[in-house]
Chemist: 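Following this message is one structure expressed as structure tokens.
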Amino acid sequence: MEIVVLLKQVPDTESMISIADDGVSIKKEDIKWIMNPYDELAVEEGLQIKEAQGGTVTILSMGPQKAIEAIRTALAMGADKGVHINDPATEGSDALATAKILSAALKEIPYDLIIAGHRAVDEDNYQVAAAVAEFLGIPQVSMVVKTELGDGKIKCHRTFEGGSVVVEAALPAMITTQRGLNEPRYASLPGIMKAKKKPVDVKTAADLDVDPASVGTANRKVKIKTLRFPPERQAVQMIEGESPAEIAAQLVKVLHEETKII
Amino acid sequence: MAQGVFVITEQRDGEFRKVSFEAVSEGRRVADGLSTDLTAAVLGSGIEGIAGELGKYGADKVVAADDQSLADYTTDAYTNVLAGLIKSLDPAVIILGATMQGKDLAGRLAARLDAGVAMDCVAVKLEDGQLTYTRPMFGGKVLADVEIEGTPQIVAIRPNVMTITEKSKDCATEKPAIQVGDVKTAILEKIMDTGDKVELTEADIVVSGGRGTGGDFAAVEELAAALGAAVGASRSAVDEGWRPHSDQVGQTGKVVSPTMYVACGISGAIQHLAGMSTSKYIVAINKDPEAPIFSKADFGIVGDLFDMVPAIAEEIKKIKA
């Protein structure tokens with residue numbers, strides 16, 4: 001089973017985000033960068049499938065030089081090799097352009113199953129995996145919490161609001177991960193040592209036959225005009241009283257009168 | 001030239017999701033601003049009867065794709081049918097709900113149509129004929145105002161944010177010829193959650209519990225029941241195994257925008273705040289007066305949630321009686 005995991009390095013979810021001077025991007029210094037949390041689930045799922053069925057797990061990631069850290073983390077968890085699309089021309093690409101670049105890279109990587117996080121927790125676009133699947137002409141099953149492989153097919157439990165469905169897709173297929181799928185392992189020390197020797201191919205847009213003039217910030221279809229912080233809330237109104245009953249009565253009165261919710 | 005607004009609605013078992021009415025209402029506002037028509041699409045099996053409901057919110061025309069193969073959502077069938085409809089109608093703007101179905105569909109449709117998507121929008125603004133979409137990024141830590149180049153522009157709206165406005169239109173339902181095409185997935189089984197649980201992302205009120213509950217959600221559930229609210233949880237409560245993953249509110253869970261969010265025993269980690277900061281009113285109950293949650297709350301109570309939450313539930317029941 002040839003498994004490819006799409007991976008992205010993103011700011012830690014516990015990071016405070018600052019807006020850069022250009023007003024349309026974030027300050028990238030002084031942030032802790034991590035593997036996108038949903039991609040950790042993707043790597044883990046890939047490894048579990050490989051352990052059960054044999055095969056290889058290839059990590060495919062686009063990002064600047066430092067994104068190699070996230071790729072190495074995945075290799076340290078147990079993935080076999082990496083492909084790192086590292087090209088300043090691709091920086092700032094929107095979801096559609098990113099999907100085009102990744103799809104171009106996937107022309108050269110064999111795959112039966114592609115696993116991706118259902119979203120990256122930076123731009124929160126929820127699009128790249130679906131667009132890659134479309135460009136490759138393969139089925140997608142998103143927000144998966146359970147997989148079963150057999151007979152050239154993958155059976156997935158896909159969650160939705162208020163329930164779930166069991167979906168079967170013929171391989172090759174794309175699935176995206178949702179929390180609950182598995183518990184990602186930590187990289188072991190020997191794993192980290194081994195990862196240093198695992199191969200990582202570095203590619204540019206030109207290597208992939210992608211026109212650099214069709215990607216990157218300048219060629220976004222979805223153009224960010226401004227980034228701003230959400231409006232500040234008014235100062236909190238503390239509700240006080242002698243007893244829980246008194247505080248509760250006071251709160252409900254305020255909610256009733258001021259917010260009309262109750 | 002592309003023109004008109006096209007809304008993709010979502011129904012389940014013959015009932016529209018609330019976000020569909022939000023999308024049609026928002027579509028009406030955009031269509032009025034652009035002086036153009038609004039077409040709403042509904043896909044499913046045996047849905048002709050409900051199609052007319054969309055006229056109530058301002059659709060000029062409804063296209064009903066009624067076919068056995070559309071009874072349950074599949075990415076392939078829905079994308080094929082919608083791409084066909086969109087190519088023949090050539091709309092300038094496509095609006096749909098950013099539900100789990102909408103998120104799955106939007107990326108696929110965008111790639112098929114070579115269109116830009118503004119995902120999970122919380123506001124749409126029209127100025128001098130230019131549409132600007134506001135969408136949270138980094139889990140809502142920042143808001144981005146984005147414009148989309150070219151047409152069609154796909155706008156997925158966050159459920160529970162846009163106002164539903166009734167604006168009755170004399171609305172005709174058409175049943176166009178559709179192409180379901182090649183479907184590479186099969187739905188084997190559908191498992192619905194039991195009970196009439198209120199869905200987190202659609203709830204008017206959400207009551208969440210965190211580490212402070214120590215795993216005992218009885219008080220949180222009692223208050224939620226009294227308020228008719230959905231129950232949510234912080235990441236630590238989910239990591240501890242106290243609540244299922246589907247209850248998690250935060251940057252790595254669900255993003256909710258209820259009218260009121262009640263945080264019980266939740267300290268307010270950045271990644272949790274990211275998932276609920278667009279709530280209209282936030283009530284925080286925490287023992288620790290220094291808890292960061294209070295800086296994001298409208299109303300705060302310093303106290304033990306096991307005393308406070310049942311007392312509030314009692315008070316709500318009294319008022320509702």
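The sequence lines fix the lettering, A, B, ..., with proteins before strands; numbering per chain opens at 1.
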Chemist: Is it the case that more than 12 heavy atoms not belonging to B:Glu15 sit under 6.0 Å from its CD atom?
Modeler: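 Count not over threshold, so no.
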
Chemist: For A:Ala99, is it the side chain, the backbone, both, or neither that has a heavy atom closer than 4.5 Å to a heavy atom of chain B?
Modeler: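 Contact with chain B: none, neither part.
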
Chemist: Determine the minimum heavy-atom distance between B:Met100 and A:Thr159, stating which atoms define it.
Modeler: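 Where B:Met100 meets A:Thr159 most closely, the heavy atoms are SD-O, 3.5 Å.
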
Chemist: Search all heavy atoms of A:Ile17 against all heavy atoms of B:Lys141 and return the closest pair with its distance.
Modeler: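 Residues A:Ile17 and B:Lys141, closest heavy atoms: CG1-CD, 3.7 Å.
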
Chemist: Between the main-chain N or O of A:Asp124 and the side-chain N or O of B:Arg135, is there a donor-acceptor pair closer than 3.5 Å?
Modeler: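 Yes, the answer is positive, given that a donor and an acceptor are paired below the 3.5 Å cut-off.
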
Chemist: Where is the tightest heavy-atom contact between A:Thr13 and B:Gln271, given as atom of each residue plus distance?
Modeler: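 Here A:Thr13 and B:Gln271 meet closest at O-CB, 3.7 Å.
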
Chemist: Counting only heavy atoms closer than 4.5 Å, note whether B:Thr74 contacts chain A via side chain, backbone, both or neither.
Modeler: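 The answer is neither part of B:Thr74.
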
Chemist: At their closest point, which heavy atom of B:Met137 faces which heavy atom of A:Glu123, and how far apart are they?
Modeler: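 Closest heavy-atom pair between B:Met137 and A:Glu123: SD-CG, 3.7 Å.
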
Chemist: Where on B:Tyr133 is there a heavy atom nearer than 4.5 Å to chain A: the side chain, the backbone, both, or neither?
Modeler: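 No part of it gets close to chain A.
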
Chemist: Taking all non-hydrogen atoms of both residues into account, name the closest pair between B:Arg108 and A:Ile138 and its distance.
Modeler: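 Result for this residue pair: NH1-O, 2.9 Å.
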
Chemist: Run A:Arg179 and B:Asp239 through salt bridge (Lys or Arg N to Asp or Glu O under 4.0 Å) and show every step you take.
Modeler: CA-CA 10 Å; A:Arg179 289 249 298 165; B:Asp239 284 346; 3.3 Å; yes

Chemist: Let me know if B:Ile148 has heavy atoms under 4.5 Å from chain A in its side chain, its backbone, both or neither.
Modeler: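 For B:Ile148, backbone and side chain are both near chain A.
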
Chemist: State whether B:Glu147 and A:Lys225 are salt-bridged, where the test is any N-O pair (Lys NZ or Arg NE/NH1/NH2 against Asp/Glu carboxylate O) under 4.0 Å.
Modeler: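 A:Lys225 and B:Glu147: salt-bridged.
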
Chemist: Considering non-hydrogen atoms only, spot the tightest contact between A:Val236 and B:Phe294 and give its length.
Modeler: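 Residues A:Val236 and B:Phe294, closest heavy atoms: CB-O, 3.3 Å.
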
Chemist: Is A:Glu161 paired with B:Arg17 through a side-chain N to carboxylate O contact shorter than 4.0 Å?
Modeler: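 So B:Arg17 pairs with A:Glu161 through a salt bridge.
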
Chemist: Measure distances from A:Val222 to the heavy atoms of chain B and classify the residue's part below 4.5 Å as side chain, backbone, both or neither.
Modeler: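 When you check distances to chain B, atoms from both the backbone and side chain of A:Val222 fall under 4.5 Å.
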
Chemist: Is B:Ser277 in contact with chain A via its backbone, its side chain, both, or neither, using a 4.5 Å heavy-atom distance?
Modeler: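 The backbone, not the side chain.
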
